[in-house]
Every structure is written in C-alpha cells, then in structure tokens.
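To start, the structure under review is shown below, and the notes come after it.
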Protein chains: 2
Amino acid sequence: MRSATLQVLLWRRALDPHLGRWSLPGGRLRPDEDVEQSIRRQLAEKVDVKQLTHVEQLAVFSDPYRVPGPRVVATAFLGLVPSGVDPAVPEDTAWHPVDALPRTAFDHEAIVQRARDRLRAKLSYTNLGFALAPKEFTISALRELYSAALGYRVSATNLQRVLSRRGLLVPTGNTAPSGRTGGRPAALYSFAHDDMQVTDPFAVFKPPAPKQGRRSRTRVSAPDTVT
Amino acid sequence: MRSATLQVLLWRRALDPHLGRWSLPGGRLRPDEDVEQSIRRQLAEKVDVKQLTHVEQLAVFSDPYRVPGPRVVATAFLGLVPSGVDPAVPEDTAWHPVDALPRTAFDHEAIVQRARDRLRAKLSYTNLGFALAPKEFTISALRELYSAALGYRVSATNLQRVLSRRGLLVPTGNTAPSGRTGGRPAALYSFAHDDMQVTDPFAVFKPPAPKQGRRSRTRVSAPDTVT
DNA sequence: TCAAAAGTGTTCAGCCTACACCCATGT
DNA sequence: ACATGGGTGTAGGCTGAACACTTTTGA
C-alpha cells in the first residue's frame, strides 16, 4: 500500500479467468517457502517491490467459488511501502486509490477492504506509521499520511502530542526549509523504531498495578496478538 | 477453548508422524467447503463439539518444515465453547490447561499460545466474554471466567462497572441462591449480544466529534478489522 | 448479631481532544 | 509589518482502578 491518497498496487490479469481485470499481485506458494517468503518473493520478482517496511498476514480466503474452476485458497497479506519510495513497477501494474478501485478480479476488492481496515485500526494503537513515512519527515507531512490512510483529517497538533507521549517521535535536529509563502520552518522527525510495536494496549482489566512510583507504560502484547 | 482454568481440547495422534502426542483437532480441507466450514465440520464429526459460541481465524502456519514429510499448510482457528457446556468427547481426546500443556505434536503449542493471546486481547476490547459465559451468570462467576482466561485476578467490581458502562450486561431479574455460608444472593445477568462486537474502539485520532449533545458510543469496526 | 458475599459511591489518575496562544520565516 | 505555517500551554471530558461503604443473606 502507498500514500498521498491511500493506494494499492494492482496488476492486470493476462490470463483468462477474469482476463484484463485488475488483481492483487501474488502467486503460487512453492514447496520450499512459507507464505510470507512467498509473497515477498512474488512482489520482488513480479512487480519489483522490495522495500517493504511492514508485512502481515490478513486472512485466508477459501470460499470454494471465489475463483472459477478448481478451488484456490489464498492467504492475503497487508504489505506497506513508505511514502517516498516509488518502485518502478512494470507496464501492466499500477497504483490505485483504495477508495476508488477499478473493477477487480475475484474477491480482491474485499481483500483490499480488509487490508485498509486493518491498517486503519493499527495506526491507532501501534507505531505502524513508521511503515508509511519516509526516514525523516515533518509533522505536517506525517499528518497528510495519517489523514490519507485514515480517511479523515487528523489534527497535526494532536498527532504530534500522542506520538510524542508514546515516545515514538525522535527529533532529528534538522529542519525543513519553509515554503515560498513563508511560515516557520518545520522540524524534522523520525520514528524511534522501525518494527511494529503495540503502543496503546487497550488492556482493560489490567493486572494489578505494580506499587511503584511511576507506572511504566506497559508495552504489552506481541505484535500479532491482536493481529 | 474452555474455562475454570483456560483449557484446550487436544487429541492423541493415532498416526505416525508424532504418534501418541497431543494435537489440535482438525483435518483436511475438502474441495467444497471453506476453512471455517471445515473446522466446524471436523469438530462436530471427530470430537462431537457443536456448540461453538465463537470461531475466528488465527493465522496460517506454513513453515515448510513444520510437519515432517511433504509440507502441510494449516489455517489455525480460535473456537470457544461456553463454560457450562461439556461436550462428551471421545476416548482419545481431553481438555488440557493452556498454561500446562503436555508434549504436543508439530507447532501446535505455538498455535495454542497464539490463540490464548488473541483471546486475552479481545476480552479487553470486545464483548467476547459472551462466548465463554453461560446464558445466565453471576458477576462472580463471570469474574472467574475472565480471571482464568486472562491469567490474573480480575476485580469483580470493575468488571461489573466496565461491562455495564459498555451496555453489555443485561440483568435477567433472577437471582442465584446464596451459598451455605451466607452472603447476599447474586443477581443474574446475561450478555446483551451473542455475536462479537468491538466495544472499545481504541481509535486514537478519532474523526472530529459530531457536534451533538451526547456523543453516541461508536460501535466502529467490523469484527475482524483488527482480527 | 456476626460473618460472608454482592453491589454501589466516590475519588483519583491517565489519556486524548479542542482551542487559544506564541514562534519563526518569507515577502 | 503581516501573512503563513509550525509548535506549545492549558482546560475539559471520558474511562478505568482502587477502595471504602452499604446491602442482603445464612448461621
């Protein structure tokens, strides 16, 4: 997936069931790889996407009739590419806005929805933003990314505050030049981690608090406890 | 899964790779069913478990070497059976405490861990308790269930309050007799819904609040947005 | 009347939102 | 100067945790 508006990489089917329609990149699982290796390989080989900042399983789609002919079981993934990167994709592939998809093959539209919803949820309670943003960015750039992904205007002020409070933003010391119309130059930040972590454990019914002074922010669950 | 302490139903393998070890119930996917239908069928046919109150996909396990011999791709599920129900399971199957598993076959221990973690997370931010509890229950019974599932003592007081505030508890009007040692008889409750709903959308960066009087509790995401 | 269990009232703290205000830069 | 965009200070609301206190029963 990708941003400005949230986009998905699709390619045009060259074969007959649903020939010509847009479909998610992917392919057959080889006997010597697991599903994640497989999707990474397919993306690298077929559409030359290698800089994935985050990859996670979505779900298995296995309806016997999801594809004409013999049943195909698909394991769907959410894969993220950061905002700056624009991999040179082949002729027959293109990025499409997630909220205005062309006619897609099979159940791929449903899969994209699922991916979008998962991304949205995780932007709230994890540091997943790191996977969408470039190494260094201004808060307003980040605001654009979050807004695009979430589908509504996010306040830069609060974005700043929440991410800071969670210890996710590291000021790099650099500043971006101000635009031609003036304005204070923006400070540049980067994310503190480049792997996904749950930063806002919604754990209600928490275990009794440790009796100490300041309650350390619990960095509870493993990344895909909640998937 | 099941409670008192949290338990999993395992059965002893009768065939040779890992013969005799305990393994999760399951089996091959038939061409005319999807994975969920399949797991429900297997549970019904093989271990006679039919009253599943909740079933959800966990993840695909596809390591080429997870099982000796030709690779087997497994789609793991979390399935819940309410506390009262005690399905008559066959000879070679038994419930095992999740935190003290016997030696299991293949990667089944890891799968059970995942299931446990998922359950724990969802107890916090969804109404998933309904799937563990019987139709009618006292708060302290519910407290036992939550405590067993979460692995630490939950306060009955707060459990009450949180679930009530979320509108999940409906008093049935009935009361349970008090124990032989006396004590106020407990009121009986039931859950307001018997399908899973996200009740505590951790949505930070919420869309701007509707300017109206009382902000309606958003029942945002679809059940498996967050999986 | 006392012990035991259930349930309620109240206080406190953390986190997020909203909004007003101050800061730095180009024209 | 002043417009423009960046950043901080502060107040308010909601929610959960903790704990004291009241209620209802059996012995």
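Here is how names work: the chains are called A, B, and so on, in the same order as the sequence lines, proteins then strands, and each is numbered from 1. Everything numeric here is computed off the predicted structure, so don't read it as measured data.
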Under 4.0 Å: is that the gap between some side-chain N or O of B/Q160 and OP1 or OP2 of C/dT8?
->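 Yes, within the criterion.
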Of the listed nucleotides ([options]), which one gets closest to any side-chain atom of [X]?
X	options	answer
A/P185	D/dA17, C/dA18, C/dA24	C/dA24
B/R166	D/dG7, C/dG7, D/dG16	D/dG16
A/R165	C/dG7, C/dC16, D/dG6	C/dC16
A/Y189	D/dT15, C/dC15, D/dG7	D/dG7

First encountered from the 5' end of DNA chain C, between B/N158 and A/T181 |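 Nearest-nucleotide comparison on DNA chain C picks B/N158.
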Along DNA chain C (nearest heavy atom to each residue), the more 5'-positioned of A/R184 and A/R161 =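 Upstream on the strand: A/R161.
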Using a cut-off of 4.0 Å on non-hydrogen atoms, how would the nucleic acid contact of B/A156 be classed: base, sugar-phosphate, or nothing?
->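 No contact.
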Under 4.0 Å between any heavy atoms, over every strand shown, what does B/S140 touch: base, sugar-phosphate, or nothing? Just pick one.
->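 Since only primed, P, OP1 and OP2 atoms lie under 4.0 Å of B/S140, the category is sugar-phosphate.
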If you measure from the Lys or Arg side-chain nitrogens to the Asp or Glu carboxylate oxygens, is any gap between A/D34 and B/R66 under 4.0 Å?
->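 Answer for the salt bridge query: no.
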Is a salt bridge present between A/R114 and A/E109, judged by a nitrogen-to-oxygen distance below 4.0 Å?
->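 A salt bridge is absent here (no side-chain N lies under 4.0 Å from a carboxylate O).
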Modelled atom types, side-chain donor and acceptor of A/S38 and A/Q42, under 3.5 Å =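 Per modelled atom types, A/S38 and A/Q42 side chains form a pair under 3.5 Å.
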Determine the stems involving DNA chain C; a stem requires 3 or more consecutive pairs of the Watson-Crick or G-U wobble kind, each with both distances below 3.5 Å, and the answer is none if no such run exists.
->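 Stems for DNA chain C, defined as runs of 3 or more consecutive pairs: C:1-27 with D:1-27.
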